[in-house]
Amino acid sequence: MPFCRHRCGYCNFSVIADRDDLIRRFLIAIDTELQFIGRHAQTIPPLDTLFVGGGTPTHLPTDSLERFLSILCNRVDLQPDAEWSMEANPEDITDEKLALLADYGVNRLSLGIQSFNDRKLRTLDRSHSGEYAEATIRRAAQVIPNVSIDLIFAAPGESPADWHRDIRTAASLPIKHVSTYALTFEKGTSFWSRRNRGTLTTVDESDELAMYDDARNVFSEAGLAHYEISNFARSGFRCRHNLCYWSGDGWYAAGPGAAAFVDGQRVVNHRSTTTYLKRIENGESPIAESEKISDEQAARESAAFGVRLIDGIDLALLAGRTGIPIESLCAVELDQLLEQGLIERVEHRIKLTDRGIHFADTVASEFLG
Ligand code: SF4
């Protein structure tokens with residue numbers, strides 16, 4: 001879902017702001033694409049998870065949101081106990097929209113909260129207030145009990161004490177899951193240019209690490225277990241959809257910029273919403289790139305994602321799935337990482353050590369060759 005109220009200064013997703021005139025065309029196009037996927041894929045079993053992200057799916061006006069939900073229910077066959085997540089921003093959440101989401105079967109809400117601190121929210125170009133974010137979480141949890149929130153740390157001007165207040169507030173609220181991301185400055189965003197001009201400051205690395213460790217402590221004390229580098233969950237509420245990405249299972253995808261991985265083939269749609277719409281309206285494929293993933297690449301990528309899970313990688317399971325044992329494929333790298341104390345071997349698994357958790361990206365890149 002590519003639509004957003006405005007583009008936040010740090011965002012480099014394929015979103016489209018201030019073009020609500022395209023919503024009607026988008027709904028027709030997504031219906032056509034889903035119908036196409038259903039017709040052309042081999043048999044698709046009822047799906048275990050459905051994740052609607054963006055963009056901001058709840059930015060749609062209520063009548064369009066209802067139309068969108070009915071398209072999904074019509075075109076996507078879900079298991080009876082499927083996890084259906086929907087991303088949402090606090091400023092869009094009305095009681096009417098919450099009831100609509102629940103009625104159509106959405107059972108997990110992922111709220112883009114980012115912070116409860118008004119100054120930080122303004123820096124991040126977010127239009128809600130901290131107080132409103134807290135109230136929205138409480139209100140949403142009464143209708144859709146599985147609420148997840150996203151929080152950003154290391155925002156310009158943020159101190160470890162500011163971040164501590166944010167995570168203490170989060171931990172006191174009725175959430176089942178939280179994802180925390182250090183702010184990154186991506187090329188092409190306004191934050192990137194402002195940093196280069198010196199009008200936005202960055203947080204120094206030692207403060208950023210201290211903030212990350214603080215989140216690990218505060219959330220685990222609050223019963224939100226750290227299960228992936230950036231993710232924490234109460235027991236039974238790990239995100240099933242993301243676990244599917246991280247363990248290298250397959251998934252279908254639809255919409256501008258959407259990337260699917262089915263039967264060893266990765267396909268990515270055009271990022272531009274207008275190109276996506278034109279192609280579908282002309283009866284053409286929205287796919288921009290398609291790549292066959294070799295067994296070796298699949299094994300390397302599964303190891304790189306899998307090692308970000310705090311429980312680590314089950315080597316036998318990975319070899320069973322890809323047919324390639326990672327111990328022989330990456331023997332030298334594994335030895336080096338073990339020697340550097342970044343990973344450890346626990347029976348048939350390898351996992352990040354406490355020190356390795358701070359270097360997860362470096363460890364993951366070793367597996368990619
Ligand atoms: S609301 Fe989210 S997706 Fe939309 S512009 Fe902001 S960060 Fe990007």
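One-based numbering, in listed order, for ligands and for the atoms of each.
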| request: Please state which part of Asn89 comes within less than 4.0 Å of ligand 1, counting heavy atoms only: side chain, backbone, both or neither. | output: side chain

| said: For Cys4, which part has a heavy atom under 4.0 Å from ligand 1: side chain, backbone, both, or neither? | reply: side chain

| message | As a check for students: among Arg7, Arg126, Gln114, identify the option with a heavy atom nearest to atom 2 (Fe) of ligand 1. | response | Arg126

Quiz question: by atom type and distance under 3.5 Å, do the side chains of [X] and [Y] form a donor-acceptor pair?
X	Y	answer
Glu186	Thr184	yes
Thr56	Glu87	no
His241	Thr49	yes

| query | Which distance, rounded to the nearest 0.5 Å, do you find between the OG1 of Thr180 and the CG of Leu224? | reply | 11.0 Å

| task | Could you go through the ring-ring contact (aromatic ring centres under 6.0 Å, His included) check for His226 and Phe232 one step at a time? | result | CA-CA 4 Å; His226 192 201; Phe232 304 81; 4.6 Å; yes

| query | Quick one: does Gly55 get a heavy atom under 4.0 Å from ligand 1? | reply | yes

| message | Taking the six-membered ring for Trp, are Phe153 and Trp163 closer than 6.0 Å centroid to centroid? | response | yes

| note | Taking only non-hydrogen atoms of Val15 and a 4.0 Å limit, the atoms of ligand 1 in range are 3 (S)

| Just which atoms of ligand 1 are under 4.0 Å from any heavy atom in His6? | 5 (S)

| request: May I ask you to identify the nearest protein heavy atom to atom 6 (Fe) of ligand 1, giving residue, atom name and distance to one decimal place in Å? | output: Cys8 SG, 2.4 Å

| Can you tell me the protein heavy atom closest to atom 8 (Fe) of ligand 1 and the distance? | Cys11 SG, 2.3 Å

